[in-house]
Number of protein chains: 2
Amino acid sequence: MVTIGDVARAAGVARSTASYALSGRRAVSDEVRERVRQAARDLGYAPNAGARALATSQTRVIGLLAQFLPDEFAPAMLQYIQGVTNTARDAGYDILLSSDPDGPAALKRITDSRMVDGVVLLNVAEHDDRLPVLRAAPQHGALVGLPGDCTGVDVFDLDFEESGRSMIAHLHTRGHRELLLVSQPEHVIERGGAYVWRLQNAALETAAARGITLHAVYGSSAQPEIGRELHALLDAYPDATGLLLNNEAAAAALPTVLHERNLSAPEDLSVIGRYSDEFARTFSLPFSSIESAPDRLGRMAVRQLVRRVEKEVPADAPYVVRFVSPDLVDRGSTAAPPPAD
Amino acid sequence: MVTIGDVARAAGVARSTASYALSGRRAVSDEVRERVRQAARDLGYAPNAGARALATSQTRVIGLLAQFLPDEFAPAMLQYIQGVTNTARDAGYDILLSSDPDGPAALKRITDSRMVDGVVLLNVAEHDDRLPVLRAAPQHGALVGLPGDCTGVDVFDLDFEESGRSMIAHLHTRGHRELLLVSQPEHVIERGGAYVWRLQNAALETAAARGITLHAVYGSSAQPEIGRELHALLDAYPDATGLLLNNEAAAAALPTVLHERNLSAPEDLSVIGRYSDEFARTFSLPFSSIESAPDRLGRMAVRQLVRRVEKEVPADAPYVVRFVSPDLVDRGSTAAPPPAD
DNA sequence: CTGAAAGCGCTTACAG
DNA sequence: CTGAAAGCGCTTACAG
């Protein structure tokens, strides 16, 4: 391989000079700089990443800790990964992707061995086993998802409380008085998926305050189970006029369920989901939805992380917890309830 | 950070001895080995990845070059990524994920800088710009997808020719004489997506040989366009009794289209797709399909790559081109054609 | 403005 | 069975 020594020799200068000429971290005469650059180009020089990391203690790699959980809907996960990966690239960082089911072990390994300058944790749980590892690590971390304890990390998440409130308010305003809410499976909560109850509790509170009957249930995160459950739910509450979905699989299954019941939205049933626009397009979902903004959250997390890694932010700058306000994308699936018959 | 020097000092031995005790690459007395291990454990020692890479010229990282193309269906892509990532982890490798739209540049950068021991290329095109870069690189590469020129790389792909033949044969045997085939968009072909015409041409040949009328068309890779196109297609060929799909978006859209037309498979129309079982579950697709085996292909690619990287295979071992035989997963969506009316 | 040297943390021949 | 030393390819104080 061609090293900086080869470049220096070709340019007739010392290795240090070649290094400075290339990095610009010290003044170099125009003539020498040009000679060095030319030599580097001619030889096809590329700095060895390991050597540079050893010398600078910087890898320009960000660790991305994803997890493909059997009770999460994988296509939704993909959006976050893309958001993080694209932003990192634009900022000049590569992504080391871990999908190890043993998140804490994977995180410990890549931070201990200094493979990364910082990490982004996806799908963060209320009590996330990866957090103690992250706090003990010398690298910074940014989370997508709100844990119970945010000390020492930057946190980004959708405002699920506000999402729940606005879903209810939206339908209440249009005259609905009995609604259904399908959340993620209960074991997602048990695993610490706080966003499930954050949205649900806020929805229940708002419903109570507004005199709305809200039936909140947990649904499967896989087809075809969730389709059957939706049927059962609609059978059980025939008077409900609106359906709220905090469950991607349920949203994906709903068009078929409505077809099978010969219902349409919003004529027979108003529907609001919570998923990304990209997700809506992939699954051709015609329902209005709270934008879950995975690309935006991924971008925010990476940006903040890079700011810390590159010390653009003072070392004692307080850690941030930032919520993205829910945005309702109107796809015309809500209206006044149908006249009672 | 704790270095091997710290471990050596704590164990009262030389750094080299500590290194050997930990790696096992040279005999070390039981007593010393135990002392070193204990010290390493006590101090929480983890070797510095950069330093190790510099010393050994091995990173234990595999580059994964994915591309999220606007005309490909992202959820299908995810399966390959998971297959590669999981297999790599099991083999003791981490994954450096690139989704840079400029694949050749990204590949050149990570190989030139020695960030990876080898690379896996996903979604390989007939004339793939990344291949010249890969061939010029010192690292080995494994491809998922068949390029026109396979020299210098190991290649893994589904046998699309055989897939096309078997789809036709399957329906021919059941008595069908007029069929439809929906492929990926034509620009996928123009971009070099050879699998599109590999399946299509084989299907057309087999159909001709068996006296079957096969109408082959290109379909969009996004909803809702593809849904409209399916409707138009079924309108245009009312006598066709079977529908073949080499287009994930079309498969995802079909259940709704059939509902809207009040058709069911296989009573009114026999259907065979080409996608993974995981994909079928995600989208709740009730159609029999040729298993595209993304996890298996990802696994095969990583295994072969690791074999080369670790020199378990002689340096002059011939490169392989391996096709996975299509497997028809029967979901009961094919039968004899309905009686003509 | 430039160079010689030290050092980052490993591994691995070379000696004993 | 163990140790002292060289070397991997960089960057960056230290000198001039």
Side-chain angles (χ1 to χ4, degrees), chain A residues 1-37 39-40 43-61 109-117 138-139 310, chain B residues 1-37 39-40 43-61 109-117 138-139 310:
Chain A
M1 71 173 300
V2 26
T3 73
I4 195 149
D6 299 324
V7 174
R9 196 171 323 117
V13 298
R15 284 155 66 220
S16 53
T17 303
S19 176
Y20 285 121
L22 257 18
S23 71
R25 297 179 75 84
R26 164 167 113 173
V28 167
S29 72
D30 289 359
E31 193 223 323
V32 166
R33 188 181 332 105
E34 217 18 77
R35 248 174 32 226
V36 170
R37 283 195 184 159
L43 299 172
Y45 169 71
N48 179 294
R52 175 173 274 183
L54 184 57
T56 63
S57 302
Q58 290 231 345
T59 62
R60 299 205 69 87
V61 174
R109 198 167 48 71
I110 68 174
T111 51
D112 276 355
S113 65
R114 303 295 196 279
M115 298 183 85
V116 297
D117 290 342
Q139 295 97 335
E310 301 189 346
Chain B
M1 72 172 300
V2 26
T3 72
I4 194 147
D6 300 325
V7 173
R9 197 172 322 116
V13 298
R15 283 154 68 223
S16 54
T17 302
S19 176
Y20 284 121
L22 256 18
S23 72
R25 297 178 77 82
R26 165 167 113 173
V28 166
S29 73
D30 290 359
E31 193 223 322
V32 166
R33 189 180 334 105
E34 216 21 75
R35 253 182 18 233
V36 171
R37 284 195 183 157
L43 299 173
Y45 169 70
N48 179 295
R52 176 173 276 183
L54 184 56
T56 63
S57 304
Q58 291 231 343
T59 62
R60 298 205 70 88
V61 174
R109 198 168 47 70
I110 67 174
T111 51
D112 275 355
S113 65
R114 304 295 196 278
M115 298 184 84
V116 297
D117 290 342
Q139 294 97 336
E310 302 189 345

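Chain A is the first sequence line, chain B the second, and so forth, proteins listed ahead of strands; every chain is numbered from 1. Below, all heavy atoms of this structure are taken into account, side chains as well, without hydrogens, waters or symmetry copies. Small disclaimer: the values here were computed from a predicted structure and weren't measured.
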Q. Taking N and O atoms by type only, does the side chain of A:R26 place a donor or acceptor under 3.5 Å from a partner on the base of D:dT12?
A.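 Looking at the base of D:dT12, it does not pair with any donor or acceptor on the side chain of A:R26 (distance under 3.5 Å).
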Q. Between the base of D:dA4 and the side chain of B:Y20, is there any donor-acceptor pair under 3.5 Å?
A.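 By the distance-only test, no, there is no pair.
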Check this one for me: any side-chain N or O of [X] less than 4.0 Å away from OP1 or OP2 of [N]?
X: A:S19; N: D:dC10; answer: no
X: A:S29; N: C:dT2; answer: yes
X: B:R25; N: C:dT12; answer: yes
X: A:S16; N: C:dG3; answer: no

Atom pair distance, as rounded to whole Å: [atom1] in [X] and [atom2] in [N]:
X: B:R35; N: D:dT2; atom1: CZ; atom2: C1'; value: 11 Å
X: A:I4; N: D:dC8; atom1: CD1; atom2: P; value: 15 Å
X: A:M115; N: C:dG9; atom1: CE; atom2: P; value: 17 Å
X: A:R60; N: D:dC10; atom1: CZ; atom2: P; value: 17 Å
X: B:M1; N: C:dG7; atom1: CE; atom2: C1'; value: 15 Å
X: B:D6; N: C:dC10; atom1: CG; atom2: C1'; value: 13 Å
X: B:R15; N: C:dG9; atom1: CZ; atom2: P; value: 10 Å

Q.
Both B:L54 and B:S23 contact DNA chain C. Which one's nearest nucleotide lies toward the 5' end?
A. B:L54
Q | Heavy-atom side-chain proximity of A:V61 to A:M115 below 4.5 angstrom | A | no
Q. Which of the following nucleotides, D:dT12, D:dG7, D:dT2, is nearest to the side chain of A:T56?
A.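 Out of D:dT12, D:dG7, D:dT2, the nucleotide with an atom closest to A:T56's side chain is D:dT12.
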Q.
Using the side-chain heavy atoms of A:V28, tell me which of these nucleotides is nearest: C:dG9, C:dT2, C:dG3.
A.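 Within the option list, the nearest is C:dT2.
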Does [X] use its side chain to pair, donor to acceptor, with the backbone of [Y] at less than 3.5 Å?
X: A:D117; Y: A:T59; result: yes
X: A:R26; Y: A:Y20; result: no
X: A:S113; Y: A:R109; result: yes
X: A:R114; Y: A:D112; result: yes
X: A:R15; Y: A:G5; result: no

Q: Please list residues of residues 45-53 of chain A whose heavy atoms come under 4.0 Å from any atom in DNA chain D, ordered by number; otherwise none.
A: A:Y45, A:A46, A:P47, A:N48, A:A51, A:R52
Considering all heavy atoms of both residues, which atom of [X] and which atom of [Y] are nearest to each other, and what is their separation?
X: A:N48; Y: A:A51; result: OD1-N, 2.9 Å
X: A:T111; Y: A:V116; result: CG2-CG2, 4.5 Å
X: B:A21; Y: B:R33; result: O-CG, 3.9 Å

Q) How would DNA chain D look in dot-bracket form, 5' to 3', counting Watson-Crick and G-U wobble pairs with both distances under 3.5 Å and writing | for bases paired to another strand? A) |||.||||||||.|||
Q: Please report the C-alpha distance between B:E31 and B:E34 in whole Å, then the side-chain angles of each, then the deciding distance to 0.1 Å, and finally whether the side chain to side chain contact (heavy atoms under 4.5 Å, CB included) criterion is met.
A: CA-CA 5 Å; B:E31 193 223 322; B:E34 216 21 75; over 6 Å; no
